[in-house]
2 protein chains.
Amino acid sequence: MAKTVSSPPKPAERITIREVAQDAGVSVAAVSKVLRDAYGVSDALRAKVRASMDKLNYRPRASARGMRGKTYTLGLIFPDLRNPFFADVYAGVNSALERTQYQAMQGFSTTPAALIEAMIDRQMDGLILIGPNESAASLAATGARLPLVTIGQHDKSGDGYDTVNNDDQLGARLVVRHLVGNGFRNIAMLSLMQPASTVIEQRELGYRLEMMEQKCGGTINIVRAPQVVRDVQVAVRRLLESKERPDAIFCWTDLMAFEAISVAVDLGLSVPDDIAIVGYDNTMFCDFAQNSLTSVDQSGELLGLQAARLVVERIDGRSAADHFTVPPRIVARNSSRPRKPI
Amino acid sequence: MAKTVSSPPKPAERITIREVAQDAGVSVAAVSKVLRDAYGVSDALRAKVRASMDKLNYRPRASARGMRGKTYTLGLIFPDLRNPFFADVYAGVNSALERTQYQAMQGFSTTPAALIEAMIDRQMDGLILIGPNESAASLAATGARLPLVTIGQHDKSGDGYDTVNNDDQLGARLVVRHLVGNGFRNIAMLSLMQPASTVIEQRELGYRLEMMEQKCGGTINIVRAPQVVRDVQVAVRRLLESKERPDAIFCWTDLMAFEAISVAVDLGLSVPDDIAIVGYDNTMFCDFAQNSLTSVDQSGELLGLQAARLVVERIDGRSAADHFTVPPRIVARNSSRPRKPI
DNA sequence: CTGAAAGCGCTTACAG
DNA sequence: CTGAAAGCGCTTACAG
């Protein structure tokens with residue numbers, strides 16, 4: 001390898017608004033206005049400035065803009081990077097932002113509170129939190145500091161931030177209805193062990209209510225496991241080896257459902273003839289024949305799209321809270337098909 | 001919903017360096033130096049300033065810092081969000097940055113070139129590109145503008161940026177050796193259809209060379225498919241339905257391998273008794289019993305960790321290129337175990 | 001070791 | 001509709 005010691009990259013001598021102004025023969029204020037599509041510039045001036053910007057290949061610096069105005073950057077915070085569902089959400093956010101000056105940047109951290117601070121330090125114009133663990137009060141406090149939209153958080157008590165949700169209660173009901181319709185009655189729910197999540201509340205509530213309505217109240221059984229491979233396996237194994245083994249397990253996410261299938265296969269059980277499995281998120285892995293997993297589609301892309309729309313509205317001045325709900329949809333596959341009659 | 005029209009979030013009246021200076025009874029320059037751990041401040045002054053910063057809960061604003069110095073923000077660009085392998089890389093980057101002031105922000109776009117510009121507009125201190133499609137010349141041009149490290153890009157001809165790589169040629173060789181050792185000889189490779197990737201070159205080369213060395217040169221067969229579910233399925237189906245069906249398929253990624261297993265299952269074939277399958281990345285899904293996929297571990301976390309280390313070194317002034325290579329490791333599972341003797 | 005002053009590249013009232 | 005000037009919160013020479 002040649003060891004040419006070149007000087008480290010320079011701060012890139014970029015074109016500034018001043019040079020554009022000079023080239024166009026106008027003031028810097030005029031250029032700034034064109035840049036922000038602000039009110040009060042003539043078409044002629046705008047055209048002149050645009051021409052100079054193109055000619056000089058001008059690009060505004062976000063830090064400088066951030067000093068007085070906006071950075072045109074939105075922060076995205078996911079709880080888990082391994083779940084492909086979040087890629088759908090991100091895609092939706094991006095498609096909403098496509099024709100705007102905004103850019104979404106995603107951060108990940110094991111300490112979300114610190115990450116929110118880091119985002120604020122970097123003057124994100126707005127924040128989209130997916131599946132936040134924070135309390136409504138804590139979210140309201142964040143919402144008072146910058147435009148905030150949550151995805152997967154059902155507490156709409158405050159006016160300080162917007163929410164976008166899948167109707168989780170209905171989602172759980174659809175699963176129970178589907179399973180009962182296919183002949184399963186002893187349906188266990190493998191839920192998530194996590195403090196204070198309104199999504200968990202809603203989904204468990206939907207499960208309970210629908211089990212009652214379907215006259216399956218006697219076999220209501222909720223088991224909670226943390227999002228950790230080992231713990232999920234232990235929980236599933238316990239369910240599958242119990243005296244009164246359930247007919248079916250409704251799992252928190254597709255990821256957990258794949259683990260459940262794995263444990264069942266390891267135990268020599270057949271899905272769905274010995275045990276039916278249903279997931280949540282309808283990720284692309286559900287389609288693979290070795291999984292063929294029935295799942296609830298919560299339209300991740302639509303959730304992301306709406307969240308981005310709402311956060312931009314907030315940035316533009318809306319102060320009353322807005323809430324958007326997406327209806328869930330069950331996608332039936334082999335993992336829960338009716339059992340072969342004996 | 002109550003429609004209390006509160007004013008939109010204010011720009012958050014934050015504590016500035018000036019107020020810290022006043023509280024500590026020193027100049028703003030002194031505070032700035034403490035902030036950057038810069039040379040030339042007495043312990044006494046540093047302690048005073050630290051105390052005031054803590055007391056006032058001071059946090060520096062990245063935009064203001066960026067105006068003159070660094071933003072303490074690193075850009076991460078992934079080619080694909082659905083592949084859980086990238087979560088490992090991200091985890092490695094984060095763990096390298098844990099005790100520093102740097103924060104990694106991940107962007108995703110279908111137009112990587114535009115995303116790089118957006119990152120530069122936002123004055124990222126450095127960039128980590130994972131699996132870039134850009135040419136070495138184009139990367140060198142970017143490396144001249146800001147500190148740059150690539151992951152998964154074997155062209156080390158330039159001095160303008162650092163590279164971190166898994167030894168992909170060796171990885172492919174390990175797969176062929178493993179399969180031949182388990183009795184498979186007609187081994188096809190399902191590679192990626194994409195213009196100009198040195199990773200593809202290296203992996204295909206390793207496959208070819210090792211097939212020759214193992215006296216399997218006669219059955220060398222490389223099929224390329226784009227990273228699209230439908231195309232992968234068609235390619236696999238064609239392989240599995242061909243007159244001279246291979247014994248084994250070495251797939252580009254675990255994702256493609258899972259699709260291959262899916263097609264095999266759909267065709268009523270047994271893995272590995274009819275067809276062995278091997279993947280690449282050793283993602284967590286490989287462990288599930290329904291996949292039980294043999295795969296090459298390329299230590300995503302280590303790749304991310306090293307990349308972060310190198311980019312920070314570049315930011316700190318290193319100008320000679322550095323290159324880091326991680327040895328691959330094959331993890332054998334059911335999908336390629338020796339066939340039952342007939 | 002410490003500090004006063006200039007300036008980074010924008011946006012924002014404000015005056016014309 | 002247009003522009004001159006102030007200022008956002010830091011860092012960077014430079015002087016003491």
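Every value quoted in this text rests on a predicted model; they were computed, and no experiment measured them. Letters go in sequence order (proteins before strands), and every chain restarts at 1.
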How many whole angstroms separate atom [atom1] of [X] from atom [atom2] of [N]?
{"X": "B:Arg61", "N": "C:dC8", "atom1": "CZ", "atom2": "C1'", "result": "16 Å"}
{"X": "B:Met67", "N": "C:dA6", "atom1": "CE", "atom2": "P", "result": "17 Å"}
{"X": "A:Arg59", "N": "C:dC10", "atom1": "CZ", "atom2": "C1'", "result": "16 Å"}
{"X": "A:Asp121", "N": "D:dG9", "atom1": "CG", "atom2": "C1'", "result": "13 Å"}
{"X": "A:Lys33", "N": "D:dT2", "atom1": "NZ", "atom2": "P", "result": "9 Å"}
{"X": "B:Gln22", "N": "C:dA4", "atom1": "CD", "atom2": "P", "result": "12 Å"}
{"X": "A:Met53", "N": "C:dG9", "atom1": "CE", "atom2": "C1'", "result": "15 Å"}
{"X": "B:Gln123", "N": "D:dG9", "atom1": "CD", "atom2": "C1'", "result": "14 Å"}

[X] side chain: which of [options] is closest?
{"X": "A:Arg65", "options": "C:dC10, D:dG3, C:dT2", "answer": "C:dC10"}
{"X": "B:Val28", "options": "C:dA5, C:dC10, C:dG3", "answer": "C:dA5"}
{"X": "A:Ala29", "options": "D:dA4, D:dT11, C:dG3", "answer": "D:dA4"}
{"X": "A:Pro60", "options": "D:dA4, C:dC10, C:dG3", "answer": "C:dC10"}

What nucleic acid atoms does [X] come within less than 4.0 Å of, heavy atoms only: base, sugar-phosphate, or nothing?
{"X": "B:Ser32", "result": "base"}
{"X": "A:Arg18", "result": "nothing"}
{"X": "A:Val31", "result": "nothing"}

May I ask you to check whether over 12 heavy atoms, not counting those of [X], lie within 6.0 Å of atom [atom1]?
{"X": "B:Arg59", "atom1": "CZ", "value": "yes"}
{"X": "B:Arg46", "atom1": "CZ", "value": "yes"}
{"X": "B:Gln22", "atom1": "CD", "value": "no"}

N/O (side chain, [X]) to phosphate O (OP1/OP2, [N]) under 4.0 Å:
{"X": "B:Arg36", "N": "D:dT12", "answer": "yes"}
{"X": "B:Ser42", "N": "C:dT2", "answer": "yes"}
{"X": "B:Tyr72", "N": "D:dT11", "answer": "no"}
{"X": "A:Ser27", "N": "D:dG3", "answer": "yes"}
{"X": "B:Arg68", "N": "D:dT12", "answer": "no"}

> Which base sits across from D:dG16 as a Watson-Crick or G-U pair, both distances under 3.5 Å?
Replying inline: C:dC1
> So, are B:Asp316 and B:Arg309 salt-bridged, with charged N and O less than 4.0 Å apart?
Replying inline: no
> Salt bridge or not for B:Glu117 and B:Arg145, using N-O below 4.0 Å?
Replying inline: yes
> Is there a side-chain contact between A:Val311 and A:Leu74 (heavy atoms, below 4.5 Å)?
Replying inline: yes
